[in-house]
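Quick note on labels: first sequence line is chain A, next is B, and so on, each numbered from 1.
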Protein chains: 2
Amino acid sequence: MIQLNNKIYTCPVDVTLGFIGGKWKLLILSHLNIFEKKSYAEIRNNLPGISEKMLSQQLKELERDSLIDKNILSLKPYRVEYFLSGDGKSLSPLYEFISSWGIKHLKKHGIDYLQDQHLYK
Amino acid sequence: MIQLNNKIYTCPVDVTLGFIGGKWKLLILSHLNIFEKKSYAEIRNNLPGISEKMLSQQLKELERDSLIDKNILSLKPYRVEYFLSGDGKSLSPLYEFISSWGIKHLKKHGIDYLQDQHLYK
DNA sequence: TCAATAACTTACTAAAAAGTAGGGCTGATT
DNA sequence: AATCAGCCCTACTTTTTAGTAAGTTATTGA
């Protein structure tokens with residue numbers, strides 16, 4: 001058992017999962033990995049089905065865990081842009097692997113995502 | 001929206017997460033990635049905290065999704081060994097990345113897992 | 001013969017994660 | 001003046017996931 005920041009992990013895999021686990025984290029992260037900088041609304045519009053609550057909650061946790069960071073573009077009105085931090089970028093191979101594995105899997109089932117992604121909007 | 005096997009995915013990342021999401025799947029998979037072949041009891045003893053219910057449930061789902069496979073060593077008494085299938089092995093870079101990222105993260109926080117793992121049992 | 005181990009299953013409960021539906025502030029658009 | 005968009009927050013409910021505590025069949029070992 002590994003203890004870190006008052007949490008207990010069984011192994012290094014468990015440690016990493018603590019950061020990227022859950023339904024939305026990897027979707028948000030890999031989205032930011034592709035698009036570099038994105039506003040709150042842009043992220044929301046690219047993650048079909050996410051609620052405002054989930055989005056702001058997950059963004060907050062990702063910031064707390066320093067996988068993402070944000071620039072405050074203006075205060076009144078409040079406008080921001082989110083982006084991957086250094087730590088967040090250090091997971092890039094992961095986002096890319098997971099995405100391309102998904103694409104390969106789809107291809108095995110007759111779906112050519114890269115060619116037809118305009119159809120899946 | 002991508003439709004596959006009566007489920008809907010928003011993108012390829014989502015597809016992959018359908019296979020490896022949840023608290024235990026990656027732990028089981030990366031365990032089998034390290035140890036090649038393992039009995040039910042050996043897996044259980046190496047995943048502290050997992051219940052019999054969770055273990056057999058997750059093993060069943062991983063088999064259904066053909067990420068793992070098993071040899072039936074004997075029927076009476078029933079003895080088996082689990083191992084990664086070809087598909088399961090195709091995710092090896094993922095297991096290894098997640099594990100080494102965890103190790104690096106721990107090191108940043110003063111924990112040398114590789115050297116001290118005997119302490120974390 | 002009694003206990004222990006392996007490989008599970010099942011019914012039930014609890015906890016965690018996610019979703020719903022609203023509200024709030026600001027400024028631009030109509 | 002009223003509506004809308006951006007960027008959230010909060011209380012509450014539902015769903016999903018996970019945990020508990022048993023029980024089953026079979027065999028080996030003391």
Between B/E52 and B/Y40, do the side chains contain an N or O donor and an N or O acceptor separated by less than 3.5 Å?
-> yes
Cut-off 3.5 Å, side chains only: do B/E96 and B/S99 have a donor facing an acceptor?
-> no
Pull out every residue in residues 9-31 of chain B that has a heavy atom closer than 4.0 Å to any atom of DNA chain C, ordered by number, or say none.
-> none
Looking at DNA chain C, which of residues 64-79 of chain B put a heavy atom within less than 4.0 Å of it?
-> B/Y78, B/R79
For the side-chain contact (heavy atoms from CB on, under 4.5 Å) test, which of A/L26, A/L91, A/I20, A/L29 pairs with A/I98?
-> A/L26
Ignoring hydrogens and angles, write down the donor-acceptor pairs under 3.5 Å from the side chains of residues 64-79 of chain A, residues two or more places apart or on other chains.
| residue | atom | partner | partner atom | Å |
| --- | --- | --- | --- | --- |
| A/K70 | NZ | A/E63 | OE1 | 3.2 |
| A/N71 | ND2 | A/E81 | OE2 | 3.0 |
| A/S74 | OG | A/P77 | O | 2.2 |

4.5 Å side-chain heavy-atom contact, [X] and [Y]:
X	Y	answer
A/W101	B/V13	no
B/L17	A/W24	no
B/I28	B/L55	yes
A/Y113	B/I2	yes

Atom pairs, protein N/O to nucleotides 10-13 of chain D N/O, distance under 3.5 Å:
none

Leading and trailing nucleotides of DNA chain C with any atom under 4.0 Å from heavy atoms of chain A | C/dA18 to C/dG27
Smallest heavy-atom separation, A/Y82 atom then A/L32 atom, equals O-CD2, 3.7 Å
Please report the closest heavy-atom contact between B/H118 and B/Q115, naming both atoms and the distance.
-> CE1-O, 3.3 Å
How about B/H31 and B/Y95: are their ring centres within less than 6.0 Å of each other?
-> no
Starting at atom CG of B/L47, determine the distance to atom P of D/dA18, rounded to an integer number of angstrom.
-> 13 Å
Do A/F35 and A/I103 belong to the same hydrophobic cluster, where Ile, Leu, Val, Met, Phe, Trp and Tyr are linked whenever their side-chain heavy atoms lie under 4.5 Å apart, directly or via other members?
-> no
Sequence neighbours excluded, the answer for side chain to side chain contact (heavy atoms under 4.5 Å, CB included) partners of B/T10 is A/L27, A/P48, B/M1, B/D14
May I ask you to evaluate whether A/S39 reaches the phosphate of D/dC7, defined as a side-chain N or O under 4.0 Å from OP1 or OP2?
-> yes
DNA chain C nearest-nucleotide lookup for B/R44 and B/Q57: closer to the 5′ end is B/R44
